[in-house]
There are 2 protein chains.
Amino acid sequence: MNNKEILIKNGISPSFQRLQVYSYLRKNNVHPTAFKIYNDLKKQIPTLSKTTVYNVLKLLAGKNLIREVKIEDNELRFDAVLQEHGHFKCSECGKVTDVFYDKEFVDFIEKRNKITDIQFNIIGICENCLNNKN
Amino acid sequence: MNNKEILIKNGISPSFQRLQVYSYLRKNNVHPTAFKIYNDLKKQIPTLSKTTVYNVLKLLAGKNLIREVKIEDNELRFDAVLQEHGHFKCSECGKVTDVFYDKEFVDFIEKRNKITDIQFNIIGICENCLNNKN
DNA sequence: TCATAATTTATACTTATTACAATTATGTAA
DNA sequence: TTACATAATTGTAATAAGTATAAATTATGA
Ligand SMILES: [Mn+2]
Ligand SMILES: [Mn+2]
Ligand SMILES: [Zn+2]
Ligand SMILES: [Zn+2]
């Protein structure tokens, strides 16, 4: 099932802009901010509006086709990897990478509460940056 | 060791405003935003400035006397509980409560990276709100 | 007391996100 | 094809959290 079909299956009419934003997220697993998506796509779509990017992201998140990732307080990032996982952000290079954690722990919490979102973010310095420090 | 002594021990001269903000956080374990702290303390300190609250919070966080908690993307919260833990935010009543998780998992991540901050937040509906639904 | 430094305050600024209205594209009935 | 209704996109203005700056106040200590 390609990206276009996924949108249709979720009741989203696959406009050009929507397809571009969704495809961008599925192709580039870099946890971009709305502005980065806007800025990168503007090269191919000069008429693109920032509002549209925000609208599409909210639409996709509402249908659970992407997830919002809150690491720093001044930037909301987006992720098309739906499998439950956390993130590691390197404060040196800024890269955000995936961290997968134990499902059993989440099940324990889920027994008592109705979970709708989990944010698990670790900030630090990654292996690469630590080694390149010498 | 009382709050005043803790500030002094950490090289922070214990001004009235600083002591009030720090005491507020230690007394009320509600993970307030900067604005809530400002708004609540203004009742006792009518001359209090929002900038001061932000300044004090940043000062305390810099000395690791409090922790920043990032749950929603539009509000930064603060916590005087320093033991490593995550949070559960109820989307019904808005309350933020503590969630303690396995230290071993964090150790595994720590072997490879230098961790400076961990944010573990769960959003959902709490036991109370689930039961009061009928 | 007086000078100096530290702290607080008020104000203006920045910036991510949202609200809103105007414009454009799309699909369908006549 | 044309006209119309609806959906989607765009540009602009508004909102609001957080930050920067400088003036005003307060504390310190010679
Ligand atoms: Mn991810
Ligand atoms: Mn807590
Ligand atoms: Zn790095
Ligand atoms: Zn609740």
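Side chains are part of it too, since the values below use all heavy atoms of this structure and drop only hydrogens, waters and symmetry mates. Throughout, protein chains are lettered first and strands after them, A, B, ... in sequence-line order, and every chain is numbered starting at 1.
Near DNA chain D, meaning a heavy atom under 4.0 Å away, there are no residues from residues 13-26 of chain B. Looking at residues 43-61 of chain A, you'll see Thr47(A), Leu48(A), Ser49(A), Thr51(A), Thr52(A), Asn55(A) sit with a heavy atom under 4.0 Å from some atom of DNA chain D.
Rounded to an integer number of Å, the gap from Tyr38(A) OH to dT9(D) P is 15 Å. The separation between Glu68(A) atom CD and dT17(C) atom P is 9 Å, rounded to whole Å.
Partners of His31(B) according to the ring pair (Phe, Tyr, Trp, His ring centres under 6.0 Å) rule, which considers only residues two or more places apart in sequence or in another chain, are His87(B). By the side-chain hydrogen bond (donor to acceptor under 3.5 Å, both in side chains) test, Tyr24(B) pairs with Asp40(B), sequence neighbours left out.
Applying the side chain to side chain donor-acceptor pair (under 3.5 Å) test to every pair with at least one member in residues 49-64 of chain B, sequence neighbours left out, gives no pairs at all.
Ile71(B) and Leu57(B) fall into different hydrophobic clusters, where Ile, Leu, Val, Met, Phe, Trp and Tyr side chains are chained together by heavy-atom contacts under 4.5 Å. No continuous path of hydrophobic side-chain contacts links Leu82(A) to Leu60(A) [ILVMFWY only; heavy atoms under 4.5 Å]. Note: the hydrophobic cluster containing Val30(B) does not contain Phe78(B) (ILVMFWY, side chain heavy atoms under 4.5 Å, direct or indirect links).
With salt bridges taken as basic N to acidic carboxylate O contacts below 4.0 Å, one links Glu75(B) and Lys89(B).
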Are there any protein N/O atoms within less than 3.5 Å of an N/O atom in nucleotides 21-27 of chain C, and if so, which ones and at what distance?
none

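Using a 4.5 Å heavy-atom cutoff, the side chains of Leu76(B) and Thr33(B) are not in contact. Using a 4.5 Å cut-off on side-chain heavy atoms (C-beta onward), Val99(A) and His85(A) make no contact.
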